[in-house]
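A quick write-up on the structure given underneath.
Sequence lines set the chain letters: A, B, ... in the order given, protein chains first and strands last, and positions in each chain run from 1.
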Amino acid sequence: MQEKYAPAEIERAAQEHWRETSADRAIEDAGGKPKYYCLSMFPYPSGKLHMGHVRNYTIGDVLSRYHRMKGFNVLQPMGWDAFGMPAENAALANGVAPADWTARNIAYMKKQLQSLGFSIDWAREFATCAPEYYRWEQWLFTRLFRKGLIYKKLGTVNWDPVDQTVLANEQVVDGRGWRSGALVEKREIPMYYMRITAYAEELLAGLDTLAGWPEQVRLMQRNWIGKSIGVRLAFPYELDGKSGKLWVFTTRADTLMGVTFVAVAAEHPLAAAAARNNPGLAAFIEECKQGGVAEADLATMEKKGMPTGFSVRHPLTNEPVPVWVGNYVLMSYGEGAVMAVPAHDERDFAFAQKYGLPIRQVIAVKGASFSLESWQAWYADKDRGVCIHSGKYDGLDREGAVEAIAADLAARALGERQIQFRLRDWGISRQRYWGCPIPIVHCETCGDVPVPDEDLPVVLPENVVITGAGSPLARMPEFHACACPRCGKPARRETDTMDTFVESSWYFLRYACPDNDRAMFDARVNYWCQNGVDQYIGGIEHAILHLLYARFFTKLLRDTGEVDGVGIALDEPFGNLLTQGMVVAPTFYREDGDGRKEWINPADVEVRTDARGRPAGAVLKADGGPVMIGGMEKMSKSRNNGIEPKTLIERYGADTVRLFMMFAAPPDQSLEWSDAGVEGASRFLRRLWRTVFEHVGKGLPEGALPETLPASLKDLRRKLHQTIARVGDDYGRRRQFNTAVAAVMELLNVYDRTDLDAPAGRVLAQEILETVTLLLFPITPHIGQALYAELKPGADAARASFPEADAAALAQDTIEFMLQVGGRLRGSFTISADAGRAAIETAALATGVAQKFMAGKPAKKVVVVPGKLVNIVV
RNA sequence: GCGCGGGUGGCGAAAUUGGUAGACGCGCUGGAUUUAGGUUCCAGUGCCGAAAGGUAUGCGGGUUCGACUCCCGCCCCGCGCACCA
């Protein structure tokens, strides 16, 4: 055995060994082993691996390797979410074709992933930009289109009037186009939508079955779907001699008698009608078109409105109610109009105050008096009121009033109870090039015709010129000029592509059969995806959109029926979900004369500390001059605080990087990068290596452990088996890897402090070192592979089972109890492990500590927590 | 603005079901070994205090024999908001 731990060498050897023995291949026929499908969210091939990837895939690899050791048939695949905007941006910046750029990035990042030793079945790798993949997406599209689950309607987008192009929300900075600097406008264009709202009820109910998901994520999805039960009601009106109804939705029909105005969205037909003879209003509506479509911006902007000069009639009293146009009313939610009750709604209140609109109280709260001055405080009690100033409804509580009012509205055909979702249908059209073409042909005679199966895939051409103004496909007649598949007349192919979220909504199923060129799925899906992916791992930022879309797709595919004899018999795609936290790092900067910050990479900075270890300034290594210390922020290009995985792997080895990532924080919390922490992880592995080296150097011990052991060895062996139980629980149930590592470190600390030179000690040392190697194997597999082979010549750690705790070794003769008097810790006492409650109580009262702190007073009560603590209350 | 998280030593964190607050690691201080150290080993390390003891989990209140943990109110930080992925 080599004396020195040489990570580069042993990692190369271990990876070669795994390749030669096909250790990472996932085979369907597993001889009765249960399957375990462990999936990490696939990366966008942006160029290089970043630390967030390393963290994500290390967590996945730890769980994969642990379950393989526990006897599962493990599948851990990897692929590339390869369509997306950055490839087009790179094309604009460097003139490289998106397809080439993407392929190059994939090749580089794959090498990086392989250098980390992940147990990935590379035979299943695919990229979503390959026609062999996206053809099935197009195939599915045509079916969903025929079933009406995909349909066309107008949607609102960000429009850059200078570049004449649609912008993503990300490309709108402070209301302006990121390249042109032009003020962005809202524009309505025809788009295809997926009818996710048809599944709203099931997507909501399904959340209750996802016991393996973090409660946080389920809550976020529940609120996103946003089911509310309310009343859809109409305000009748006459306009241009015709009568009409202005519909609104409200969850507070009990406040209907307090309505003092109605607000409609700028895009509402009634607003447009009123603006025809009102230039001021027309100008306001035009002003409302200014700015982007992102909801965060809409919700934080100043609430503005303008009266239309037009009134509708109250559905119960027939009184006129003025109609306003409000920039805060969303056309895309509900009816695009809201009834305003300023007395009982915060937003309406602010709006009414601003424009001097009447405020009519119709709910009284017992013991709280309504006043405009202290309205906010009064409003806090909103849930406890009854109706007043509401005629026949006076005295009714909220539920009763809603019921009575809904009934009266129904009798007049002016309203009905309705369930409303916040969830909107999913617009999937993108006016961009680097995406999956939408398989539709537009024919003047036949309308929108789906491309027939035999003409699929609609292949995305790769020889294109990206200009940043509109989609290049629209300028390529060789792409869009075609014949109508139905009537044969000249037609135009759709040039929009699909939202890249579509590819990531079903990729996890395709890993089961990536090589099938005859069908989207085959029977292998039912093997690997039975009960879904067993463990899914990815960033918390995907808590809503991606995870909701993937759940939606699973239900769509289930309901699409059998395909080539295979049906997707699955309600939910991911049984267990682990949402990983961000990787953050310190930021450093220098300011130039204009106060502009130049961000400096942490790798180029040295932080100085004072005598107590507090940071006392930082200097640039290159020139020794001071730099400013910023906060901890997510690793990013803009802050130049990214740490290169490549550099670290070369310097310390993959195992050190993996160990640090798992040890520094629990997986769902953000992880702060620390050079010193990496150094510490490396130190631990060197120490482990040295410990095994010293042990092996004395010759491997022979024979079994004697029946009876001296106390020190018995204690150490108990510690060993406690550690096995704890680490197994941390991996398998708690998924808290930092404490698993800590437990092993603790064990090695005790090992170092125990004299193991006697023959029995040598045998125990062997047991401990073999066990530790295997306990750490999921996290640090390379060093584990090497050390295990030294400890057990000829053995292969990659095929070993996870250690099992020995119940006999865990038994304890005596237990130490903590002793509290009056709830304060005063001491402790030791008593036989089989002592009963009465004996424990007597022993506690007899201790000198108890006598002292009770000071002669009688015990009022003695609380005994079995195995832990006694509290004497005086 | 709305929804969801988080806040514990100098730092990352632990405390699994309301029961020893700070395991484990980093850093720091002192010492030993070494020609040397970005090596290794030993000891110490929440704060106040000589000690006894007191005090401490963002802030203010509450429940309990006992609260980092449960309840009410507040402050700060992060994530998401439908065209970033």
Heavy-atom closest pair, residues A:Y193 and A:D425:
CD2-O, 3.7 Å

Are OP1 or OP2 of B:rA13 and a side-chain N or O of A:Q669 less than 4.0 angstrom apart?
yes

Under the side-chain hydrogen bond (donor to acceptor under 3.5 Å, both in side chains) rule, collect the residues that match up with A:R837, sequence neighbours excluded.
none

When we call it a touch if two heavy atoms are under 4.0 Å apart, what does A:R826 touch: a base, just sugar-phosphate, or nothing?
sugar-phosphate

Annotated protein contacts, base or backbone, on nucleotides 62-79 of chain B with a non-hydrogen cut-off under 4.0 Å, one of B, S, - each
---B------------SS

Nearest to the side chain of A:R734, which nucleotide is it out of B:rU16, B:rC24, B:rA13?
B:rU16

Side-chain N or O of A:R690 versus OP1/OP2 of B:rC41: is the shortest distance under 4.0 Å?
yes

Would you write the dot-bracket representation of RNA chain B, where each base gets (, ), [, ], | or . depending on whether it forms a Watson-Crick or G-U pair under 3.5 Å and with which partner?
(((((((..(((......[....)))((((((.......))))))(((....)))..(((((..]....))))))))))))....

Looking at A:Y507, A:W80, A:Y536, A:F508, which hits ring pair (Phe, Tyr, Trp, His ring centres under 6.0 Å) with A:F42?
A:Y507

When you measure from the side-chain N and O atoms of A:N749 to the phosphate of B:rA23, is any distance below 4.0 Å, counting only OP1 and OP2?
no

Base, sugar-phosphate, or nothing: which does A:A676 touch, judged by heavy atoms less than 4.0 Å apart?
sugar-phosphate

Taking B:rC4 as the reference, what is the distance to B:rA51 when you measure between their P atoms (whole Å, please)?
49 Å

